[in-house]
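Only one structure is covered here, and it is reproduced in the block below.
For the numbers below, each heavy atom of this structure counts, side chains included, while hydrogens, waters and symmetry mates do not. Just follow the structure's listing: the first ligand is 1, and inside any ligand the first atom is 1. Treat the numbers as computed from the prediction; the structure is a model and nothing was measured.
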Amino acid sequence: MKKKVLSMVLATSMVAAALVGCGGGASETAAPAADTSAAAEEAPAAEEAPAADAAEAEAPAATASGNKVGVAMPTKDLQRWNQDGSNMQAELEAAGYEVDLQYASNDVATQVSQIENMINGGCSALVIASIDGESLTTVLESAKSAGIPVIAYDRLIMNTDAVSYYATFDNYMVGTKQGQYIVDTLDLDNADGPFNMEITGGSPDDNNAKFFYQGAIDVLQPYMDAGKIVVPSGQIEFATVGTPGWATETAQSRMENILSSNYADGTNLDIALCSNDSTALGVENALAANYTGEYPVVTGQDCDIANVKNMIDGKQSMSIFKDTRTLASQVVKMVGQIMSGETVDVNDTETYDNGTGVIPSYLCEPVFADINNYKELLIDSGYYTEADLQ
Ligand code: BGC
């Protein structure tokens with residue numbers, strides 16, 4: 001029942017997000033004036049979003065003054081966060097801000113102390129991609145008392161009313177696109193099956209992970225109910241498929257166990273639904289070492305270089321492309337709007353409740369990449385060079 005309600009809430013978000021992409025159709029919420037820098041005037045050009053029907057959301061008081069923005073990223077280990085961080089830095093600096101960019105090696109205590117330093121070091125706004133969405137409540141109380149607005153970047157920060165806004169890609173849509181890719185690739189509407197599937201989910205402490213999982217499962221559930229998709233390991237629920245820390249090694253050893261218990265007799269694995277690229281990489285390693293059957297459809301997310309190379313080599317079927325340049329531009333725009341007391345672009349005021357209420361959000365639209373379109377998406381757009389992928 002609970003799951004149904006979540007599905008409905010998520011489905012609403014999907015429809016809402018389908019109507020608007022990054023830079024389009026945003027509604028706006030008013031941010032109160034901050035005593036702020038001249039630099040905010042020069043916020044970088046981003047597509048003007050037409051005002052939609054008013055979505056009311058309370059904006060927090062932003063009272064800190066100055067020109068420095070703190071950007072807290074989780075880790076340098078994963079390629080995407082390096083890109084997110086450097087894109088944010090470049091765009092903020094181009095807009096005239098000073099930037100304090102920190103990476104926390106996926107260590108929560110490190111991230112907390114980096115954020116403390118940003119608060120004490122005079123940052124006027126914080127952009128935070130959390131490691132553990134549940135662990136920043138205390139440190140963000142200080143940000144709130146200091147009047148420093150906080151934008152949750154990509155991952156929602158839970159259980160704190162210090163978060164002013166959330167900017168991300170539509171996480172539920174990431175999952176539906178992965179699910180739909182499987183449906184289309186295996187022609188599940190016409191094929192009889194049954195197809196064997198194993199699921200590798202994301203980190204349970206990352207709010208996004210549930211949305212990715214639920215989006216994919218909502219698309220695949222009818223085929224599971226009809227017996228066209230079966231899960232030989234029996235590991236289906238979110239709680240049983242998670243990968244703490246999104247670690248490649250953890251995903252790999254879990255899949256090695258699943259393969260040896262369920263596929264060693266020559267049973268084919270047809271579908272490896274993986275929530276992102278770091279977990280897909282683990283699954284691909286496990287398949288390379290322990291599996292001789294027909295190669296499955298393998299999903300992923302982020303278009304990390306290693307995974308795009310695997311896509312080119314036929315070891316991964318698709319990945320979700322989340323153009324971090326788009327997200328960075330959107331967030332820089334929001335920072336400028338907050339700092340200058342303008343209305344802030346949001347396009348979702350229903351989906352992301354962090355335990356203290358719904359956080360006004362801007363959802364960018366993810367797209368899928370596979371062998372047929374990766375050149376256009378990734379190389380022609382300048383995201384990677386040909387050489388990056390060799
Ligand atoms: C991000 C994904 C990423 C994962 C692991 C999630 O919060 O949305 O893009 O693959 O974290 O870093």
Practice prompt. Taking atom types as modelled, find out whether Asp107 and Gln111 have a side-chain donor-acceptor pair closer than 3.5 angstrom.
Written response: no
Discussion item. Return the CG to OH distance between Asp84 and Tyr103, rounded to the nearest 0.5 Å.
Written reply: 8.0 Å
Discussion item. Starting from atom 4 (C) of ligand 1, what is the nearest protein heavy atom, named by residue and atom, and what distance separates them?
Written reply: Trp246 CE2, 3.6 Å
Fill in: Spacing of Tyr181 atom OH and Leu273 atom CG [to the nearest 0.5 Å]
13.0 Å
Discussion item. I'd like to check which ligand 1 atoms, numbered from 1 as shown, lie under 4.0 Å from a non-hydrogen atom of Trp81.
Written reply: 11 (O), 12 (O)
Item to complete: Using a strict cut-off of 4.0 Å, indicate which atoms of ligand 1 neighbour a heavy atom of Asp206.
Response: 6 (C), 7 (O), 11 (O)
Worksheet item: With a 4.0 Å heavy-atom cut-off (strictly under), which part of Asp154 contacts ligand 1: side chain, backbone, both or neither?
Response: side chain
Worksheet item: What protein heavy atom sits nearest atom 3 (C) of ligand 1, and how far away is it?
Response: Asp302 OD2, 3.4 Å
Worksheet item: Quick one: which ligand 1 atoms are inside 4.0 Å of a heavy atom on Arg155?
Response: 4 (C), 5 (C), 6 (C), 7 (O), 11 (O), 12 (O)
Practice prompt. Report, in ascending order of atom number, the atoms of ligand 1 lying under 4.0 Å from any heavy atom of Asn276.
Written response: 3 (C), 4 (C), 5 (C), 10 (O)
Item to complete: Determine, for Arg80 against Asp277, whether the closest basic-nitrogen to carboxylate-oxygen distance falls under 4.0 angstrom.
Response: no
Discussion item. Under a 3.5 Å cutoff, is there a donor and acceptor pairing between the side chains of Asn196 and Tyr263?
Written reply: no
Item to complete: For Lys322, take its heavy atoms, then give the atoms of ligand 1 lying under 4.0 Å from any of them.
Response: 1 (C), 2 (C), 8 (O), 9 (O)
Worksheet item: Counting each atom of ligand 1 from 1 as listed, which ones have a heavy atom of Phe212 under 4.0 Å away?
Response: 8 (O)
Worksheet entry | Polar contact flag for Asn171 and ligand 1 (N/O pairs, less than 3.5 Å) | no
Discussion item. Tell me if the centroids of the rings in Tyr166 and Tyr352 come within less than 6.0 Å of each other.
Written reply: yes
Worksheet item: Once you round to the nearest 0.5 Å, how far does OG1 of Thr110 lie from CD1 of Ile131?
Response: 7.0 Å
Practice prompt. Kindly compute the distance separating OG1 (Thr240) from CD1 (Ile199), expressed to the nearest 0.5 Å.
Written response: 7.5 Å
Response to the item:
ligand 1 to Leu78, heavy atom cutoff 4.0 Å, flagged ligand atoms 5 (C), 12 (O)
